[in-house]
Amino acid sequence: MDFQKLADRLFPQITGTPEEMEARYPERNLPEGAKVTRIAPSPTGFMHLGNLYGAMVDERLAHQSQGIFYLRIEDTDRKRLVENGVETIIKVFKKFNLNFDEGATLEGDNGNYGPYTQSERGPIYQTYVKYLVSRGMAYPCFCTEDELKEIHETQEANKENFGYYGKYAIWRDRSEEEIYEKLDQGAPYVIRFRSEGSIEHKLRFEDQIKGKMEITENDQDVVILKSDGLPTYHFAHVIDDHLMHTTHVVRGEEWLSTLPIHLQLFDALGFKRPKYAHTAQLMKLDDGKKRKLSKRKDPELALDYYFESGIPVAAVIEYLLILLNSNFEEWRRANPDASYNDFAFSTKKMSGSGALFDIDKLNDVCKNVVSRMDAETVYEETLRWAQEYDPDFASLLSKDPAYSKAILGIGRGGKKPRKDFGRWSEVKGYLSFFFDELFNPDFSEMPAHLDKELIGRILRDYAGVYHSAATSDEWFAGLKELCPKYNMTADMKAYRQNPEAFAGSVGDLSMVLRVAVCGRSQAPDLYSVMQLLGESKVLERLEKAAKAFD
RNA sequence: GGCCCCUUGGUCAAGAGGUUAAGACAUCGCCCUUUCACGGCGGUAACGUGGGUUCAAUUCCCGCAGGGGUCACCA
């Protein structure tokens with residue numbers, strides 16, 4: 001068989017050589033130990049937590065080592081293309097502060113190792129495929145879909161391994177005549193790699209996350225070039241990561257099963273293998289069983305979900321980091337204000353088993369992250385969220401920014417900051433009573449053991465004497481003085497010991513005021529609330545409430 | 001079914017051949033407290049199973065089971 005002749009017949013338009021290609025993509029000039037990583041999503045328009053999870057690893061690995069983190073678009077499957085898919089990818093990663101040093105951007109390629117979109121790299125792949133064919137290491141296969149299906153069924157019936165190998169590799173050793181006959185007919189074909197592997201052979205491999213493992217060699221003649229002239233993932237991965245000089249390939253563990261194919265290709269082409277880090281899948285508990293997060297069933301998988309529900313980006317990052325490296329939590333406690341970029345991330349610390357996505361834990365992380373922010377940041381983030389998902393609230397918030405920030409500043413800072421909310425979507429409910437537009441009092445929250453008449457009297461009286469005090473202590477002292485008038489006591493211990501002796505405690509007294517002013521029983525420090533609302537608004541609300549108890 | 005990965009409390013997990021088997025979330029109780037949100041203290045709760053190696057195994061080895069993944073001209 002004249003392989004060179006076949007290669008020329010198959011790829012007449014390809015005149016370049018692998019050597020020329022190598023020269024076009026020279027070794028990167030980076031400091032010792034610098035890692036080159038990438039994320040290579042498919043532009044299906046759907047970005048999920050798993051993408052982000054892996055991307056965090058790539059980003060940290062690269063930027064912790066003064067390396068390069070780049071974006072490559074894997075769009076070789078034309079059926080799955082979605083309009084604006086690339087745009088979605090780029091925007092999402094930007095939102096999560098994942099900055100690419102190189103690769104595809106909305107304005108075109110950035111970097112010297114492009115094109116960074118696989119559909120634009122056809123001739124590059126074909127150059128290598130032609131080379132393989134010319135060496136007899138790859139060959140055209142004219143099998144139709146039906147024929148392949150038939151093979152599969154036969155294997156199923158015989159309880160044999162599935163796939164294109166051994167006697168089922170029916171075009172592997174066809175005669176020159178048969179091949180040219182098909183070509184002359186213009187029959188569509190794919191190019192398959194001629195595997196020299198055997199399932200009798202095991203190979204040792206060391207993964208950056210899973211450690212040492214033993215895997216079976218690949219004996220399948222896999223498709224490397226599809227009939228449309230574009231490569232399959234397997235081939236594109238090998239060529240691209242070689243030419244772009246990726247040092248560390250981070251991907252989901254679903255790729256572990258095809259790893260032998262990739263290693264085989266790297267070796268056959270004489271390429272240096274990159275290091276691999278196969279990340280465990282994010283799981284979810286469903287009906288008592290662990291399962292992979294699914295696009296259809298689990299809204300929390302889609303990154304849009306986080307934006308919509310107002311979960312702080314910083315919290316998602318923080319939570320992912322905890323899943324990635326459990327010692328991150330410990331580090332965070334020691335360095336509450338440090339940037340997560342200062343944390344020494346390591347793939348060695350990553351767990352080999354799939355983590356269950358835990359919304360409770362995420363909620364806790366959210367509250368902690370938000371509690372560490374200053375009022376200014378909380379205001380801005382809430383506003384940004386509201387502008388997209390609750391415009392009415394956004395305009396209310398931004399009507400008087402200073403007022404809004406003051407509200408958000410209550411109980412913030414210090415050793416024990418308030419942790420009232422963890423999501424931007426919760427802010428509205430938390431501070432609604434500060435705005436007349438949202439104020440909707442529920443007087444049923446008044447202390448149940450006080451009778452209506454007494455509540456009404458307290459409110460009327462207080463409306464008569466209220467004036468904004470200088471300090472919280474002064475104000476509260478004034479409240480205590482009022483107690484005897486209603487047969488209440490400011491002595492909480494005495495009250496607890498013998499509640500029957502009093503109409504109520506100072507706690508009840510302030511609760512009456514709280515419900516009148518805030519419209520509910522749960523609110524931050526009442527003094528601060530009243531100071532912010534201002535004397536006239538407080539009086540107005542006291543009087544309004546008093547009327548309800550006439 | 002073949003191949004591969006995984007297996008410490010409800011969840012995330014630390015851990016070493018000999019430990020009272022960390023910590024966090026959740027949960028429960030107590031305390032603090034004018035409500036709530038915090039905060040403090042404490043409780044319940046774990047090494048899948050059977051062999052082996054060893055004075056000693058949850059830790060090392062083998063088998064099994066369970067869970068997950070994968071077997072496309074999809075990535």
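Residue numbers begin at 1 in each chain, while the letters A, B, ... track the order of the sequences.
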Under 4.0 Å, counting only non-hydrogen atoms across every strand here, what does [X] touch: a base, just sugar-phosphate, or nothing?
| X | result |
| --- | --- |
| A:Glu160 | nothing |
| A:Lys349 | sugar-phosphate |
| A:Phe421 | nothing |
| A:Lys419 | sugar-phosphate |
| A:Asp525 | base |
| A:Ser505 | nothing |
| A:Lys149 | nothing |
| A:Lys415 | nothing |

Any heavy-atom pair between the side chains of A:Val222 and A:Thr232 that's under 4.5 Å?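 No, their side chains stay 4.5 Å or more apart.
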Can you find a pair of side-chain heavy atoms, one from A:Tyr189 and one from A:Leu10, that are under 4.5 Å apart? yes
Separation between OH (A:Tyr319) and CZ (A:Phe328), nearest 0.5 Å, reads 13.5 Å
Between OH of A:Tyr306 and SG of A:Cys366, what distance do you get to the nearest 0.5 Å?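 Separation between the atoms: 9.5 Å.
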In whole angstrom, give the distance that lies between atom [atom1] of [X] and atom [atom2] of [N].
| X | N | atom1 | atom2 | answer |
| --- | --- | --- | --- | --- |
| A:Ile322 | B:C12 | CD1 | P | 14 Å |
| A:Arg251 | B:G69 | CZ | C1' | 13 Å |
| A:Arg332 | B:A13 | CZ | P | 19 Å |
| A:His262 | B:C4 | NE2 | C1' | 14 Å |
| A:Tyr164 | B:G2 | OH | P | 25 Å |
| A:Phe328 | B:C12 | CZ | C1' | 14 Å |
| A:Arg514 | B:U33 | CZ | P | 15 Å |
| A:Arg412 | B:C38 | CZ | C1' | 13 Å |

Taking only side-chain nitrogens and oxygens of A:Ser351, does any of them come within less than 4.0 Å of OP1 or OP2 of B:A13?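 Checking B:A13 against A:Ser351, a side-chain N or O does come within under 4.0 Å of OP1 or OP2.
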At under 4.0 Å, does any side-chain N or O of A:Lys210 touch on OP1 or OP2 of B:C4? no
Heavy-atom pair with the smallest gap, counting every atom of A:Ser425 and A:Ser309: OG-O, 2.8 Å
I need the minimum non-hydrogen distance between A:Pro41 and A:Arg72, along with the two atoms involved. CD-O, 3.3 Å
[atom1]-based separation of [M] from [N] [nearest Å]:
| N | M | atom1 | answer |
| --- | --- | --- | --- |
| B:A56 | B:U19 | P | 14 Å |
| B:C12 | B:C47 | P | 16 Å |
| B:A24 | B:A13 | C1' | 8 Å |
| B:A37 | B:A45 | P | 27 Å |
| B:U8 | B:U59 | C1' | 11 Å |
| B:U11 | B:C4 | P | 28 Å |
| B:A65 | B:U20 | C1' | 32 Å |
| B:C41 | B:A26 | P | 16 Å |

Spell out yes or no: do the side chain of A:Arg520 and the base of B:U35 have one donor N/O and one acceptor N/O closer than 3.5 Å?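 Per atom types, no contact qualifies.
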Determine whether a donor-acceptor pair (N or O, by modelled atom type, separation under 3.5 Å) exists between the side chain of A:Arg38 and the backbone of A:Ala40. no
A:Asp75 (side chain) donor-acceptor with A:Ser119 (main chain) under 3.5 angstrom: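 The answer is yes, because a donor-acceptor pair under 3.5 Å joins these two groups.
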Which nucleotide, if any, forms a Watson-Crick or G-U wobble pair with [N], using both distances under 3.5 Å?
| N | value |
| --- | --- |
| B:A21 | none |
| B:A37 | none |
| B:U7 | B:A65 |
| B:U27 | B:G43 |

Residue met sooner reading RNA chain B from 5', once A:Pro524 and A:Arg333 are mapped to nucleotides: A:Arg333
Let me know, please, whether A:Ser326 or A:Trp475 comes out on the 5' side of the other along RNA chain B by nearest nucleotide.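 Closest to the 5' end, via its nearest nucleotide, is A:Ser326.
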Find every protein N or O atom lying less than 3.5 Å from an N or O atom of nucleotides 71-75 of chain B, and list the pairs.
from: B:C73; atom 1: O2; to: A:Ser227; atom 2: N; distance (Å): 2.9
from: B:C73; atom 1: O2; to: A:Ser227; atom 2: OG; distance (Å): 2.8
from: B:C73; atom 1: N3; to: A:Ser227; atom 2: OG; distance (Å): 3.1
from: B:C74; atom 1: OP2; to: A:Lys226; atom 2: NZ; distance (Å): 3.1
from: B:C74; atom 1: O2'; to: A:Asp77; atom 2: OD2; distance (Å): 3.1
from: B:A75; atom 1: OP1; to: A:Thr76; atom 2: OG1; distance (Å): 2.6
from: B:A75; atom 1: OP1; to: A:Lys226; atom 2: NZ; distance (Å): 2.7
from: B:A75; atom 1: OP2; to: A:Tyr233; atom 2: N; distance (Å): 3.2
from: B:A75; atom 1: O3'; to: A:Glu74; atom 2: OE1; distance (Å): 2.7

Taking the inter-plane angle between the rings of A:His278 and A:Tyr276 on a 0 to 90° scale, is it parallel (under 30°), tilted (30 to 60°) or perpendicular (over 60°)?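 Geometry flag for A:Tyr276 against A:His278: parallel rings.
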Angle class for the A:Tyr527/A:Trp475 ring planes (parallel below 30°, perpendicular above 60°, tilted otherwise)? tilted
Counting side-chain heavy atoms from C-beta on, which of B:U11, B:G15, B:A13 comes nearest to A:Asp358? B:U11
What nucleotide among B:U33, B:G39, B:C6 has an atom nearest to a side-chain atom of A:Ser353? B:C6
